[in-house]
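Okay, so here's the structure we're looking at.
Ligands are counted one by one from 1 in listed order, and the atoms in each one are counted from 1 as well.
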Amino acid sequence: MSQKVRVGLVGTGRIGRVHTQTIKQRVPQAELVAVTDMNLAAAEACAAEFGVSQVAPDFQALLDDPSIDAVLICSATDTHSTFIIQAANAGKHIFCEKPIAADLPAIDAALAAVDQAGVKLMIGFNRRFDANHRRIKQAIEAGEIGTPHLMHIISRDPAPPPIAYVKVSGGLFFDMTIHDFDMARFLLGEVTEVYACAGVMVDPAIGEAGDIDTAVITLKFANGAIGTIDNSRQAVYGYDQRVEVFGSKGSASSGNLFADAVTISSASSVQRGLPLNFFMDRYIPSYQLEVTEFIDSVVNNTTPPVTGADGRAPVVIAKAAILSYRENRPVKLSEI
Ligand SMILES: NC(=O)c1ccc[n+]([C@@H]2O[C@H](COP(=O)([O-])OP(=O)(O)OC[C@H]3O[C@@H](n4cnc5c(N)ncnc54)[C@H](O)[C@@H]3O)[C@@H](O)[C@H]2O)c1
């Protein structure tokens, strides 16, 4: 494909606006033709802000436009699997936000539709495209830290999402930890067993909505390594994103990112600013790289770097984590 990839985007909420801005301003190989949202006022505001010329009345209208090559699905999680099937049947390449669905039969139906149509599908696990996480993976692969023994992921949001979002998110393990399950696989390969402890410590309304807001999950990997994921929906100091992999020859670790690198020292204290506040601040370069690599895979007819199978695997881990939490016991992935 020599000319630009023509893209339509559905879902102009938090992440849809990030991707709209990214495509309009930072992905020269793509042209954002139209956006849509069930809340058309949100789509219109997004189009006006980022200079998108068309607002489509609904997702089907994007699919009916023969000039559109690919769609970005950024709507709520409970729309993803249906939209993937519709887009595949319409012959569009697909970038879909995580997770594909909370339900494995729905995921399998979506992946089958993609296979049958022969279109590309990439899932938005953007943290794989973060320079720090990539450097840790490179250190592991290059043998810089020897054989990995332990992995720790700390992943805490600055504030919980609205309760309306919580209710359709599929729960903390599907919505939030799913990124960490993907990071665990990205760094150390397949997970075989999980044990989850969790609770509601941030906001009782999250518990009333049937979810949890705080968790520690231990993981066993097929290669023998063990790891932990530590999640909270509310770190009062900002977005807390740290990873360490410890091995026989050393460790690779990454810390939080800051708006500046200044330390203020005085007679009474040593201070610095807070970490970058949330994913829209911390991970912007990773969103740019993931969308660029998706568009490249369409242009060059190559396999996207995060496949449908990569989208399915962390959902299996999430299901095991939920079962573990409910039954208060370690759960092997083979049980799911
Ligand atoms: N990769 C990441 O870092 C990241 C970050 C945030 C969200 N996400 C994922 O992106 C998705 C959206 O999350 P968000 O935080 O942007 O949510 P949001 O609630 O801010 O936005 C979702 C938008 O989708 C629209 N929508 C819902 N159903 C629709 C339908 N049937 N047709 C058209 N539009 C519809 C809503 O009106 C809303 O504007 C979720 O699946 C979430 O897991 C990923």
Task: Option whose closest heavy atom lies nearest to atom 36 (C) of ligand 1, chosen from N126, V168, D37 - done: D37

Task: Identity and separation of the nearest protein heavy atom to atom 29 (C) of ligand 1 - done: M38 SD, 3.2 Å

Open item on the list: List ligand 1 atoms under 4.0 Å from G11, heavy atoms only on the residue side.
Closed with: 24 (O)

Task: D58 and ligand 1 - part of the residue with a heavy-atom distance under 4.0 Å - done: neither

- [ ] Report the part of Y283 in contact with ligand 1, treating N, CA, C, O as backbone and CB onward as side chain, heavy atoms under 4.0 Å; options are side chain, backbone, both, neither.
- [x] neither

TODO: Please assess S269 against Q271 for the test side-chain hydrogen bond (donor to acceptor under 3.5 Å, both in side chains), listing each intermediate value before the final yes or no.
DONE: CA-CA 6 Å; S269 66; Q271 297 180 48; 3.1 Å; yes

Task: Minimum-distance protein heavy atom relative to atom 13 (O) of ligand 1 - done: Y165 CE1, 3.7 Å

TODO: State whether D108 and R312 are salt-bridged, where the test is any N-O pair (Lys NZ or Arg NE/NH1/NH2 against Asp/Glu carboxylate O) under 4.0 Å.
DONE: yes

Task: Nearest-contact summary for atom 24 (O) of ligand 1 - protein heavy atom, Å - done: S75 CA, 3.3 Å

Open item on the list: I need the nearest protein heavy-atom contact for atom 6 (C) of ligand 1: residue, atom name and distance, please.
Closed with: F279 CZ, 3.5 Å

- [ ] Can you pull out the closest protein heavy atom to atom 1 (N) of ligand 1? Residue, atom name and distance to 0.1 Å, please.
- [x] E97 OE1, 2.9 Å

Open item on the list: A cation-pi test, strictly: NZ or CZ of R14 under 6.0 Å from the centre of the six-membered ring of Y165 and no more than 45 degrees from its axis. Yes or no?
Closed with: yes

Open item on the list: Less than 4.5 Å apart, side chain to side chain, heavy atoms only: is that true for F181 and I217?
Closed with: yes

- [ ] Could you establish whether R127 and ligand 1 come within less than 4.0 Å of each other, counting only heavy atoms on the residue side?
- [x] no

TODO: Verify the distance criterion only: is there a donor paired with an acceptor across the side chains of Y325 and N328 at less than 3.5 Å?
DONE: no

Open item on the list: For R127, is there an ion pair with D182 - N to carboxylate O distance below 4.0 angstrom?
Closed with: no

Task: Side-chain donor-acceptor pair present, R17, T12, cut-off under 3.5 Å - done: no

- [ ] Evaluate the side-chain proximity of Y283 to F278: yes if any heavy-atom separation is below 4.5 Å, no if none is.
- [x] no

Task: Residue-ligand contact A76/ligand 1, heavy atom below 4.0 Å - done: yes

- [ ] Please state which part of F174 comes within less than 4.0 Å of ligand 1, counting heavy atoms only: side chain, backbone, both or neither.
- [x] neither

- [ ] Could you check atom 3 (O) of ligand 1 against the protein and tell me its nearest heavy-atom contact, residue, atom and distance included?
- [x] Y287 OH, 2.6 Å

Open item on the list: Suppose we measure from atom 10 (O) of ligand 1 to each protein heavy atom; which comes out shortest, and what is that distance?
Closed with: I15 CG2, 3.2 Å

Open item on the list: Closer than 4.0 Å to some heavy atom of H80 - which atoms of ligand 1 meet that?
Closed with: 41 (O)

Open item on the list: Which of the numbered atoms in ligand 1 are under 4.0 angstrom from any heavy atom belonging to V10?
Closed with: 33 (C)

Open item on the list: Return the OG to CZ distance between S253 and R135, rounded to the nearest 0.5 Å.
Closed with: 11.5 Å

Open item on the list: Below a 4.0 angstrom heavy-atom separation, can you tell me which part of D175, side chain or backbone, both or neither, approaches ligand 1?
Closed with: side chain

Task: D180 versus T177, side-chain donor and acceptor atoms under 3.5 Å - done: no

Open item on the list: Quick test of your reading of the structure: of G13, C74, C96, A164, whose heavy atom lies closest to atom 12 (C) of ligand 1?
Closed with: C74

Open item on the list: With respect to T79, determine whether any N or O atom, backbone or side chain, lies less than 3.5 Å from an N or O atom of ligand 1.
Closed with: no

Open item on the list: Which residue and atom name correspond to the protein heavy atom nearest atom 41 (O) of ligand 1, and how close is it?
Closed with: T77 OG1, 2.7 Å

Open item on the list: Show the atoms of ligand 1 that are less than 4.0 angstrom away from any heavy atom in G124.
Closed with: 1 (N)

Open item on the list: Out of all atoms in ligand 1, which are within 4.0 Å of some heavy atom of H179? Include the element for each.
Closed with: 1 (N), 2 (C), 3 (O)

Open item on the list: Using 0.5 Å steps for rounding, measure from the CD atom of Q116 to the CG atom of L111.
Closed with: 13.0 Å

Task: S155 and Q241 side chains, donor-acceptor separation under 3.5 Å - done: yes

Open item on the list: Between D65 and S67, is there a side-chain donor-acceptor contact under 3.5 Å, judged purely by atom types and distance?
Closed with: yes

Open item on the list: Could you check whether F95 and H19 have their ring centres less than 6.0 Å apart?
Closed with: yes

TODO: Give the contacting part of K98 toward ligand 1: side chain, backbone, both or neither, where contact means a heavy-atom distance below 4.0 Å.
DONE: both

